[in-house]
Amino acid sequence: MFDIEDSKDIDLENNKTSKQTLAKIKNVEGLKAKGNEAGINPEASKSEEEIVELKPNFMGFGINLRALWRKIICKKT
């Protein structure tokens, strides 16, 4: 989260924060905000792990058991 005070011509673009509020602004002129996201859950990106991996594993592919387990647990809750 940004604390911006007594400023002019502020550009906020493509910022992401886990806080519910992107910025606390006081006495600011000319604020431009584009493509910002507040309330992002950092754990959400971990849930997008690939279960089947193409790496130098047994016969050229492998299974990410940790990602599979997380996917099963997330479906139950």
Side-chain angles (χ1 to χ4, degrees):
M1 181 175 69
F2 298 99
D3 287 321
I4 304 170
E5 190 172 332
D6 300 323
S7 299
K8 290 186 178 181
D9 300 326
I10 302 294
D11 290 327
L12 295 176
E13 291 187 24
N14 301 321
N15 294 292
K16 296 181 182 181
T17 179
S18 60
K19 304 283 184 183
Q20 294 301 318
T21 304
L22 177 67
K24 289 183 181 178
I25 300 170
K26 185 176 180 183
N27 298 327
V28 173
E29 295 179 21
L31 173 70
K32 295 179 185 176
K34 180 180 175 184
N36 297 293
E37 296 180 50
I40 302 296
N41 185 357
E43 296 296 320
S45 62
K46 290 183 180 179
S47 66
E48 298 297 323
E49 293 177 289
E50 296 293 325
I51 294 173
V52 177
E53 301 174 325
L54 187 57
K55 289 183 177 180
N57 291 323
F58 179 72
M59 299 197 53
F61 67 95
I63 297 175
N64 187 339
L65 296 175
R66 216 176 261 157
L68 179 62
W69 179 252
R70 285 187 191 124
K71 192 165 203 120
I72 290 170
I73 295 298
C74 287
K75 284 185 179 182
K76 289 182 181 180
T77 60

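Computed over heavy atoms, backbone and side chain alike; hydrogens, waters and symmetry mates excluded.
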Requested in this report: Please test I4 against L12 for side-chain contact (heavy atoms from CB on, under 4.5 Å), starting from the C-alpha separation and ending with a verdict.
Outcome: CA-CA 11 Å; I4 304 170; L12 295 176; 4.2 Å; yes

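D9 is linked by a side chain to side chain donor-acceptor pair (under 3.5 Å) to nothing, counting only residues two or more places apart in sequence or in another chain. Residues forming a side chain to side chain contact (heavy atoms under 4.5 Å, CB included) with T21 (at least two apart in sequence, or on another chain): M1.
For N36 (side chain) and L22 (main-chain N/O), no donor-acceptor pair under 3.5 Å exists by modelled atom type.
Between the CG atom of L68 and the CD1 atom of I73 there is a distance of 10.0 Å, given to the nearest 0.5 Å. Considering NZ of K16 and CD of E37, their distance stands at 5.0 Å, rounded to 0.5 Å. Interatomic distance, D6 CG to E29 CD, rounded to the nearest 0.5 Å: 10.0 Å. For the atom pair CZ (R70) and CG (N64), the distance works out to 7.5 Å, reported to the nearest 0.5 Å. Residue E13 holds its CD atom at 9.0 Å from NZ of K32, rounded to the nearest 0.5 Å.
Annotation for Q20 and G39: closest pair NE2-CA, 4.0 Å, computed over non-hydrogen atoms.
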